[in-house]
Amino acid sequence: MKKILWLCPILMIVFAVWVLIRLGFTIWAAVLIALLLVCPAIIIYGLITVSRHRGGFSPETLHTRGMPLDILAPIYDRYCPAVGLGLAFRQKTLGFAELKPGDCVLDVGCGTGVLTRLADLAVGQAGNVVGIDPAAKMIGVAKKNALLQESRAEFRLAVIEDLPFEDNRFDCVLSSAMFHHLPPDLKVKGVSEVHRVLKPGGRFVLVDVDRPTVFLWWVILWPLLFWSFTEDQVKGRLGVLMRRAGFSGVEKVGSWGGFLGFWKAHK
Ligand SMILES: C[S@@+](CC[C@H](N)C(=O)[O-])C[C@H]1O[C@@H](n2cnc3c(N)ncnc32)[C@H](O)[C@@H]1O
């Protein structure tokens, strides 16, 4: 299986070239565009793979069979807007969360805490927002940014599959671009942990890789169908995962860039 996976980038480029030629591009233009489209994905996948095998590069990073992202921590805040996940994306996510002053919010897999700090602004003085992540370098950057921006958001090292919080504590749980970092069994465990820590009636807002709605993304992302971390998501099954954990009112409420889906559910 691993040998087939290594063929995927080459097949992706060949397939993209073929599609682009059929769309009327010259062969050189098609090769150039295909490389531009596919190479960043390959580089990111390579970095993540190295990160996993080197235990996240940081001795304090918590053990998880998910993928902690220490390796991107130093550049993550510049990387996100560069790939289209800037302020507008964060505001759209928070829009679905419908946060009110006084809400208690958890951001699972918070990374450098951009969304966590915006959530903190939304809940005001009376509220409380916590971001968790196993990657020590991500949490380090999140704490530093919180200090610089005088945010009251709290950040802790923790994993979604074993949340260090009591039952029924949060009004809302946010998960942004994190689920594709988990193998299938941790996704099941993680969603049930989110259900446990939410108050009855609490909201779960999840945005992640989803069934592409734009053909071009199928051309680029089809290899993800062969990777257990993303297969179920590319097939559009995030909603099934939430329903199985006991959530109600599960709904796909929006999409972003043709391959990210916003899901919302209630406990
Ligand atoms: C792509 S980043 C998303 C960060 C942030 N939520 C955002 O929207 O920018 C995914 C994050 O999930 C974290 N992660 C990986 N495995 C995890 C786990 N088992 N539990 C919680 N977070 C995890 C990674 O360390 C990384 O910071």
Side-chain angles (χ1 to χ4, degrees), residues 40-41 44-45 47-58 60-94 96-97 105-120 129-143 145-146 153 155-165 172-194 197 204-209 224 228-230 233 256-257 259-263:
I44 290 165
Y45 180 74
L47 286 174
I48 288 170
T49 308
V50 171
S51 170
R52 279 190 79 200
H53 290 295
R54 300 278 296 272
F57 288 120
S58 176
E60 302 98 84
T61 288
L62 296 185
H63 174 74
T64 170
R65 283 184 297 102
M67 289 187 308
L69 208 57
D70 283 299
I71 195 165
L72 280 189
I75 56 156
Y76 193 73
D77 287 339
R78 270 169 287 146
Y79 160 82
C80 279
V83 295
L85 305 181
L87 194 58
F89 170 69
R90 305 302 183 182
Q91 278 166 346
K92 184 159 177 165
T93 312
L94 282 187
F96 293 123
V105 182
L106 172 66
D107 183 7
V108 286
C110 62
T112 56
V114 181
L115 185 66
T116 331
R117 291 191 301 279
L118 289 170
D120 179 56
V129 182
V130 189
I132 64 111
D133 202 292
K137 289 191 179 168
M138 283 291 197
I139 289 293
V141 175
K143 284 184 172 169
N145 288 345
F155 294 96
R156 303 170 58 158
L157 282 172
V159 292
I160 188 174
E161 59 268 32
D162 188 14
L163 291 173
F165 304 107
C172 181
V173 175
L174 305 167
S175 170
S176 168
M178 195 279 277
F179 261 67
H180 65 284
H181 284 247
L182 303 174
D185 61 313
L186 287 199
K187 287 184 198 187
V188 174
K189 185 80 188 34
V191 179
S192 76
E193 276 291 90
V194 168
V197 301
F204 181 26
V205 174
L206 184 163
V207 53
D208 219 290
V209 175
L224 298 185
S228 63
F229 281 51
T230 44
Q233 296 186 210
W256 188 265
F259 73 100
L260 293 178
F262 291 93
W263 288 84

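Order of appearance sets the numbers: ligands from 1, and atoms from 1 within every ligand. Just the heavy atoms: all of them, side chains too, but no hydrogens, waters or symmetry mates, feed the values below.
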Contacts under 3.5 angstrom, residues 80-94 side chains, donor-acceptor by atom type, not counting sequence neighbours:
residue : atom : partner : partner atom : Å
Arg90   : NH1  : Ser176  : OG           : 3.3
Lys92   : NZ   : Ser255  : O            : 3.4
Thr93   : OG1  : Phe89   : O            : 2.8

Checklist entry - Does a salt bridge link Asp185 with Arg65, judged by any charged N lying under 4.0 Å from a carboxylate O? => result yes

Ligand 1: protein N/O within less than 3.5 Å of ligand N/O:
residue  : atom   : partner : partner atom : Å
ligand 1 : 6 (N)  : Gly109  : O            : 2.7
ligand 1 : 6 (N)  : Ser176  : O            : 2.8
ligand 1 : 8 (O)  : Arg90   : NH1          : 2.7
ligand 1 : 8 (O)  : Ser176  : O            : 3.2
ligand 1 : 8 (O)  : Ser176  : OG           : 2.6
ligand 1 : 9 (O)  : Tyr76   : OH           : 2.7
ligand 1 : 9 (O)  : Arg90   : NH1          : 3.4
ligand 1 : 9 (O)  : Arg90   : NH2          : 2.9
ligand 1 : 19 (N) : Thr64   : OG1          : 3.0
ligand 1 : 19 (N) : Glu161  : OE1          : 2.9
ligand 1 : 20 (N) : Ile160  : N            : 3.0
ligand 1 : 25 (O) : Leu69   : N            : 2.9
ligand 1 : 25 (O) : Asp133  : OD1          : 2.7
ligand 1 : 27 (O) : Asp133  : OD1          : 3.4
ligand 1 : 27 (O) : Asp133  : OD2          : 2.6

Item to check | Approximate separation, where rounding is to 0.5 Å, of Leu182 CG and Lys187 NZ | outcome: 6.5 Å

Checklist entry - Do His181 side-chain atoms and Met67 backbone N/O form a donor-acceptor pair below 3.5 Å? => result yes

Checklist entry - What distance do Thr61 atom OG1 and Lys137 atom NZ have between them, rounded to the nearest 0.5 Å? => result 7.5 Å

Item to check | Verdict with supporting geometry, Leu163 and Ile132, side chain to side chain contact (heavy atoms under 4.5 Å, CB included) | outcome: CA-CA 9 Å; Leu163 291 173; Ile132 64 111; 3.8 Å; yes

